[in-house]
Amino acid sequence: MEVLYKGTRSDSQSVTASKAILQGLCEDGGLFVPNAIPKLDKSLSELSAMSYQQVAYEVMKLFLTDFTEDELKDCIKKAYDDKFDTKAIAPIREAGGAYYLELFHGATIAFKDMALSILPHLMTTSAKKNHVENQIMILTATSGDTGKAALAGFADVPGTGIIVFYPKGGVSAVQEKQMVTQVGDNTHVVGIHGNFDDAQTGVKALFGDKELAGRMAEKGVQFSSANSINIGRLVPQIVYYVYSYATLLKDGVITEGEKINVCVPTGNFGNILAAYYAKLMGLPVNKLICASNENKVLYDFFDSGKYDRNREFILTSSPSMDILISSNLERLIYRICDEDAAKCAGFMKSLSESGVYEITDEMKNMLSDFWGCSADEKACFDKIRSLYEKEGYIIDTHTAVAGAVYDKYVSATGDNTKTVIASTASPYKFSRSVMTAIDEKYADQEDFALIDELSRLSGVAIPSAIEQIRTAPVRHDTVCDKTEMKSVVESILAL
Ligand SMILES: *Cc1c(COP(=O)(O)O)cnc(C)c1O
């Protein structure tokens, strides 16, 4: 069955997967969504006998229906290779009564690698299929992890370039060092004076700037997006939920058809949306537990039906979740308002004009698959320390938010369904916060001393992504005001 992609804000467009990947965002600012969610066409026991790459093919072929088998398998092969430090690609570790799905074994040690190692290949294949001759310029806002993963994925890929905007002062030391040391002639990294929402809003405005697009076209350049609004990121993220189920089945932890819960540390709502799509494909999932940090706009939304971004933006030790406008929630809103694009557009208009919208009771009733809660800094740090003390397992701050929320879920509901927790980053990426959570005495040590100590405590070798930045020179030092993003882009593109 052919799957086409339509917009969440109007019914005017319906495009193939490859066109949706190239375009990133609809012209009216809406997001592309599949016109139907396909069902898994392999049984769970068949899937449990497959490698990660094979499961990836079985899931992605159902969504990217205009890709040939060879094209898709070629993209998968190039993406999930020895850039990952384990053959399993996404291994599971049981600890403290939950199953941690480790999504950080790729090149930049955050879960963004799961999708961003394949996106450049999907993008260049899409360009070829659609006879696009223009250079594809990736424009991305990052809360820390997307930026580096996208830079690593697109660096020196012929026919592409990449510009990343990150909030200066709003990312961890390791995250910033990883980005500003990025090699590759086609890579550009810019810090902005502002927060992630400012960066994301600025990038969205550049995408919608027709006058700029016209001048770029004359030079043979067009924008695309590596943010999780691109369906080329969303679809590869569905894979690891199916794979995690298959792994638990293979290991005899669950029986075929047994339901599992999935708990996801959430920011832009991309990762948990992928889990929801996996459920809609027929994966036996009970609850989707949406974990927020102190920027708990999503928790309040699930609780009250009111989305309200008018609140203080809090910088936490889980910076990749410091977000008040969760872009991908729009895809869920679209679904629960019966795919009524005009209605969805109304909510989004209200969000951009007043920062608030409130869904109807009828829509709220369709959210029963989700359970939202938040964990503050103390709960997050306590979770890191207690898991380390009890199990010797060290998790990062984002994963710890999910772990702490999962504990609250169990106390609140008594539900003992086996639960997969998405472990979204290596603790090495947030070593300062992680080590001080374990013991305050680490607070005044320097970054690389903490990294060495983390290795000693956890018994996990220091990933090469960290070794690389120990001595790497800074290559990018541009910083601008949030109002200057357009002129920075013009100067990079020599317009
Ligand atoms: C991006 C990110 C998240 C949030 O994921 P979303 O898809 O934006 O909800 C959580 N943890 C880490 C480590 C991340 O990099």
Side-chain angles (χ1 to χ4, degrees), residues 31 100-116 119 140-152 164 166-167 170-172 174-176 178-179 196-197 199-200 225-231 233-238 240-241 262-278 288-293 295-299 301-302 316-332 370 372 374-375 380 384 395-405 421-431 433-434 465:
L31 308 190
Y100 288 86
L101 174 63
E102 295 187 349
L103 301 172
F104 54 76
H105 288 272
T108 74
I109 59 176
F111 96 94
K112 305 296 196 290
D113 289 324
M114 302 304 296
L116 283 163
L119 185 68
T140 285
T142 185
S143 55
D145 292 327
T146 291
K148 178 61 187 185
L151 287 161
V164 169
Y166 73 94
V171 300
S172 84
V174 171
Q175 285 178 314
E176 180 166 38
Q178 277 188 305
M179 287 191 280
F196 171 72
D197 287 331
Q200 179 159 260
S225 165
N227 277 102
S228 58
I229 50 177
N230 194 315
I231 60 114
R233 265 191 65 184
L234 198 54
V235 171
Q237 291 181 176
I238 302 169
Y240 47 77
Y241 290 109
V262 173
C263 178
V264 185
T266 297
N268 226 354
F269 209 75
N271 201 2
I272 194 167
L273 186 77
Y276 179 58
Y277 278 12
L288 298 152
I289 303 166
C290 177
S292 302
N293 67 18
N295 294 292
K296 58 185 185 62
V297 62
L298 285 167
Y299 164 48
F301 169 72
F302 284 115
T316 72
S317 54
S318 44
S320 303
M321 298 160 69
D322 290 345
I323 293 174
L324 293 178
I325 307 172
S326 296
S327 293
N328 274 292
L329 188 67
E330 180 169 347
R331 289 184 163 114
L332 178 64
F370 291 87
S374 72
C380 161
I384 293 173
I395 55 176
D396 99 289
T397 45
H398 303 75
T399 309
V401 168
V405 163
I421 295 180
S423 181
T424 49
S426 159
Y428 282 101
K429 213 157 182 176
F430 302 94
S431 41
S433 303
V434 167

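Positions are given from 1, in the same order as the sequence printed here. Read the numbers this way: they start at 1 and go in the same order the structure lists the ligands and their atoms.
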Could an N or O of ligand 1 be found under 3.5 Å from any N or O of Phe269, whether backbone or side chain? yes

Side chains of Thr142 and Thr140 only: does a donor on one sit below 3.5 Å from an acceptor on the other? no

Under 4.0 Å to a heavy atom of Asp145 - the qualifying atoms of ligand 1, by number: 12 (C), 13 (C), 14 (C), 15 (O)

Show the atoms of ligand 1 that are less than 4.0 angstrom away from any heavy atom in Phe111. 1 (C), 2 (C), 3 (C), 5 (O), 7 (O), 14 (C)

Could you tell me the residue and atom name of the protein heavy atom closest to atom 10 (C) of ligand 1, and the distance to it rounded to 0.1 Å? Pro265 O, 3.5 Å

Which atoms of ligand 1 sit under 4.0 Å from any heavy atom of Ala425? 13 (C)

Step by step, would you call Arg233 with Asn230 a side chain to side chain donor-acceptor pair (under 3.5 Å)? CA-CA 6 Å; Arg233 265 191 65 184; Asn230 194 315; over 6 Å; no

Set out, in order, the CA-CA distance, both residues' side-chain angles and the distance that settles side chain to side chain donor-acceptor pair (under 3.5 Å) for Asn271 and Tyr240, then state yes or no. CA-CA 10 Å; Asn271 201 2; Tyr240 47 77; 2.7 Å; yes

Identify, by atom number and element, the atoms of ligand 1 in contact range of Thr424, meaning under 4.0 Å from any of its heavy atoms. 10 (C), 11 (N), 12 (C), 13 (C)

Among non-hydrogen protein atoms, atom 6 (P) of ligand 1 lies closest to Asn268 N, 3.5 Å

Which residue and heavy atom of the protein sit nearest atom 9 (O) of ligand 1, plus the separation: Gly267 N, 2.8 Å

Protein contact to atom 7 (O) of ligand 1 [nearest heavy atom, distance to 0.1 Å]: Asn271 N, 2.9 Å

For Thr424, the option from Asp145, Leu101, Thr399, Thr266 that meets side chain to side chain contact (heavy atoms under 4.5 Å, CB included): Thr399

Donor-acceptor pair, Gln175 side chain versus Ser172 backbone, under 3.5 Å? yes

Report the C-alpha distance between Thr108 and Gln178 in whole Å, list the side-chain angles of each, state the deciding distance to 0.1 Å, and finish with yes or no for side chain to side chain donor-acceptor pair (under 3.5 Å). CA-CA 8 Å; Thr108 74; Gln178 277 188 305; 5.3 Å; no

So, applying side chain to side chain contact (heavy atoms under 4.5 Å, CB included) with Cys290, which one of Tyr276, Phe269, Tyr299 is it? Phe269

I'd like to check Leu151 versus Met179 (side-chain heavy atoms, cut-off strictly below 4.5 Å). Are they in contact? yes

Checking heavy-atom distances from atom 1 (C) of ligand 1 to each of Met321, Gln237, Lys112, the winner is Lys112

Side chains of Asp322 and Asn295: is there a donor and an acceptor less than 3.5 Å apart? yes

Heteroatom distance test (Gly270, ligand 1): nitrogen or oxygen, under 3.5 angstrom: yes

Sub-3.5 Å N/O-N/O distance, Phe430 and ligand 1: no

A student checking ligand 1 against Thr266 at a 4.0 Å heavy-atom cut-off should list atoms 9 (O)

